[in-house]
Each structure stands twice: as structure tokens, then as C-alpha cells.
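Okay, so here's the structure we're looking at.
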Amino acid sequence: MDYVERFQQLDAWLVQHQSVWRAKPFTQLNLSWEQEWPELATWLRLRSLSEAEQAHTQLQALDAPDPFRQLCEQAATLSQVPDWSAEPTRSWPELLQRHIPGRKWQQITRFTQASQRGWSRPPQHWLDWCAGKGHLGRLLAWQGGQPLTCLEQDAQLNHDGRILSQTLQVDATHLDCDVLTPRAWRQLRPEHSLVALHACGQLHMTLLQQAAHAGCAQIALSPCCYNRIDGDSYHPLSTLAQQSGLQLNRHDLSLPLQATYTAGQRARRLRDQSMAWRLAFDLWQREASGRDLYLPTPSRPESAMAQGVAAFCTDLAAHHDLILPNAIDWAALEARGWQRLAEVRNLELVGGVFRRPLELWLLLDRALYLQEAGYTVNLGLFAPAHLTPRNFLLLAERNTEQAITSL
Ligand SMILES: C[S@@+](CC[C@H](N)C(=O)[O-])C[C@H]1O[C@@H](n2cnc3c(N)ncnc32)[C@H](O)[C@@H]1O
């Protein structure tokens, strides 16, 4: 894959459609793209909440009017990367996986297997960034016999990790440190192979910058929580992304993360009810005040739901110092709230088409930054989406002929 070309294609497509994926059905009664695509809008607005839930993770299977399918096809083509997520071909001793939850173990073994394919030189020293107990680094170090350094700010996790490493006779150092501080950065050495599984926004962006500064030999990163950054706007790492017309804010960065509803049945029901009631309040306050304006609604404890929709909405009105007419049919308002929730969830499916392309745009920003810093980079998938929706893997290896330059 030519990352410059792919980035430019993605960038142009995302810029062209930004009014579509930036639309906020929850806070806007009408979306700008609805005028352009009225048939699609009407079709989506007539569907149920459960139909929206079903379609959420299978957008390509949705038989929606034009241009939904074309957008899905373009998104799939633009987000295509190699799939390295094969079932692990080897087995490991039970002791290695004893304290690791099943899904995490499957992520770690696939990450380990996939990372072997991206580098030409054998790793010398693993460094696990935001390591938790260091499960990933320990598996890699145990397998290859290299030493391991784990950077983690939670002392208890380091304590537990240290015991596990000793038990498995892995030569590991578990350091209590904040990876956003120079003390952590001073640990980085050119012989290090950095690994990070699901490190959040600022944590993994710092990893890339500091690894490039230190000239670390290799990097294997699976990013997550792109929206956890310092400040409200995104500052791209690569020159190409810095020149893009796409100015992303923290809210935009959360779009790629809205891929799955992992909550259980009860939590989902409560979440839906809370949202339907907020939307009921929204209708009530807009109609009573005559202003077409969304008012933010603070989070409410679960107990607030037990008091019923009338108390819920009246409390929100009090929060905004609103005096709204009280003689209303609460059951009818609640029903309208649920109806609006169904419409919101179905309209959100259109924005959902852009989740993966936007995530790849962010990943390519990281890849291009490392290429500029003298690394050879490969992007692929390390696990199937049902094991983790954050399944992109970035593999980078410092080019040997390149002098380590100060960035
Ligand atoms: C999502 S977990 C990932 C842990 C591990 N890589 C895994 O996949 O199991 C994030 C970890 O980052 C650690 N962490 C968060 N902020 C940190 C910081 N500023 N410095 C060091 N560790 C940090 C947390 O304590 C947590 O263990």
C-alpha cells in the first residue's frame, strides 16, 4: 500500500463528505444531508430501534436507498488493509495465560503472531508501553528470550506483573512511571522494540514521538481511544495530515470508537431509556420555548430514572432554569422520545459508514509520521473485530541506512 496515495484519497473523501459524518442526529432535528438524499432520510426515519441496533455492526448488509450502498463500498475500499489476524499456529504453556482474561489472551497471542511479520531484524529488548501487568511484553520476551522493560503508572499492576515475570523466569523490569513524562522517555534506547496494545490517544502519540526521537529499532502499536488527547483539537503528527483541510476536534475523534454496543441487556435498556427521555425533554423544551436549540443534558444517576419521565424532564428543565408548561401528556411525550431515539439511531448509521475510514486516516497520520522519521511501516489487522473493534496494528522498523535524526 502506498500510504501517501491512500491518505490523499481518504482525506479528499472525508473532506467531501464532512457535513454527512459531522451531522449530529441526537442534537439536530434535521440534518443537512437529508435535503440532498430525501429518499434515504425518509427510509431511515421509518425504521425501528431494533432494526437500527441490528444494522449497526453490519452496515454493508443494509439494503438502504442510494447513496448508502455506494458510500459503504467506497468506505470498504478506502479502509482496506491486509488481514494478519490468523488463528495462532502454536500453543503456549498454561502458566503464561493463567491470569489473563480469555479475550485479552486471544488479542495478545494474535498481536504477538502478527508482529513477527513486519520486521526484518530480530528484536533485542522489548519495551511494553502502558503495560498493565505486562502480559503482552512477557509473552514476547518469554517466547524470544529477550529482556523486557514495562512502563506502567499503576504500582499495583507493576507489582503483580513483577511476580508473574519472576514465576516465568522472564528477565523483566516493571517500572512505576508516567509515560507522559521525561523520566519515562529517558528509558528509551535504540535497541528497544516498543509494543503497545490499546494505548489511548495521547499515550500512543507520545510513544511514537519519543520512540522516533530515541531511534528505537521497532514499534508495534494497536491504538485506541483517539479522543483522549490534550486539548480540544487534534494536532496531526505527519506533514501531510498537517496540510489537510480536515480540522478534527475531540468529538470527531470519538466517531471511530462508536463501533459496538458491548454493554449487557440491562445496561442497554437503561441507556436507551435515558436517551429516549432526554430526547423527550428536548422536544418539550423546544416546543415550549419556540427555540430550535438543543440544550445539553447532564448525566443523571440510575435512581433518577426510577422517578419516572415527568420528574426526569422536570429536573432537566430546572437544571436550565426553565419554566415550562406542566399540563402535558407525559405518556405521549415519552412515546415521542422513543420514536425520536429510533430515528436518531437509524440516521446515525450514515455517519457510521465513515467510522473506519476516519480511523484509518488517523492511523495513516501515525504511519506517515514514522515514515518521515525514517521508519518502514506496515499497517494491517491483528485480530478479528469480534475479539476487539480496535484491531488495527501498526508495525514500524527503523531503516538501518538512515542516521538517527533529531525531529
Ligand atoms: C487500556 S490499558 C492497556 C494495558 C495493556 N497494554 C493491555 O492491553 O492489557 C491502559 C494502561 O495504561 C496505563 N496508563 C494510563 N495512563 C498512563 C500513563 N500516563 N503512564 C503510564 N501508564 C499509563 C493504565 O494504568 C493501564 O494499565
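Here, residue 1 is the first one in the sequence, and each next residue gets the next number. Whatever order the structure lists them in is the order used to number ligands and atoms, beginning at 1.
- If you look at ligand 1, the protein residues with a non-hydrogen atom under 4.0 Å away are K104, C130, A131, G132, E152, Q153, L157, C177, D178, V179, L197, H198, L203.
- For residues 291-310, the set of pairs meeting the side-chain hydrogen bond (donor to acceptor under 3.5 Å, both in side chains) definition, not counting sequence neighbours, comprises R266-E302, R278-T297, R286-D292, R300-D315.
- Nearest heavy atoms, A396 versus Y375: CB-CD2, 4.0 Å.
- Counting only residues at least two apart or on different chains, the side-chain hydrogen bond (donor to acceptor under 3.5 Å, both in side chains) pairs with a member in residues 25-43 are E34-R45.
- E191 places no side-chain N or O within donor-acceptor distance of the main-chain N or O of H125, the cut-off being under 3.5 Å.
- Applying the side-chain hydrogen bond (donor to acceptor under 3.5 Å, both in side chains) definition to pairs two or more places apart or across chains, those involving residues 73-88 are W13-Q74, D83-S85, E87-R110.
- Heavy-atom minimum distance, L59 versus G352: CD1-C, 3.5 Å.
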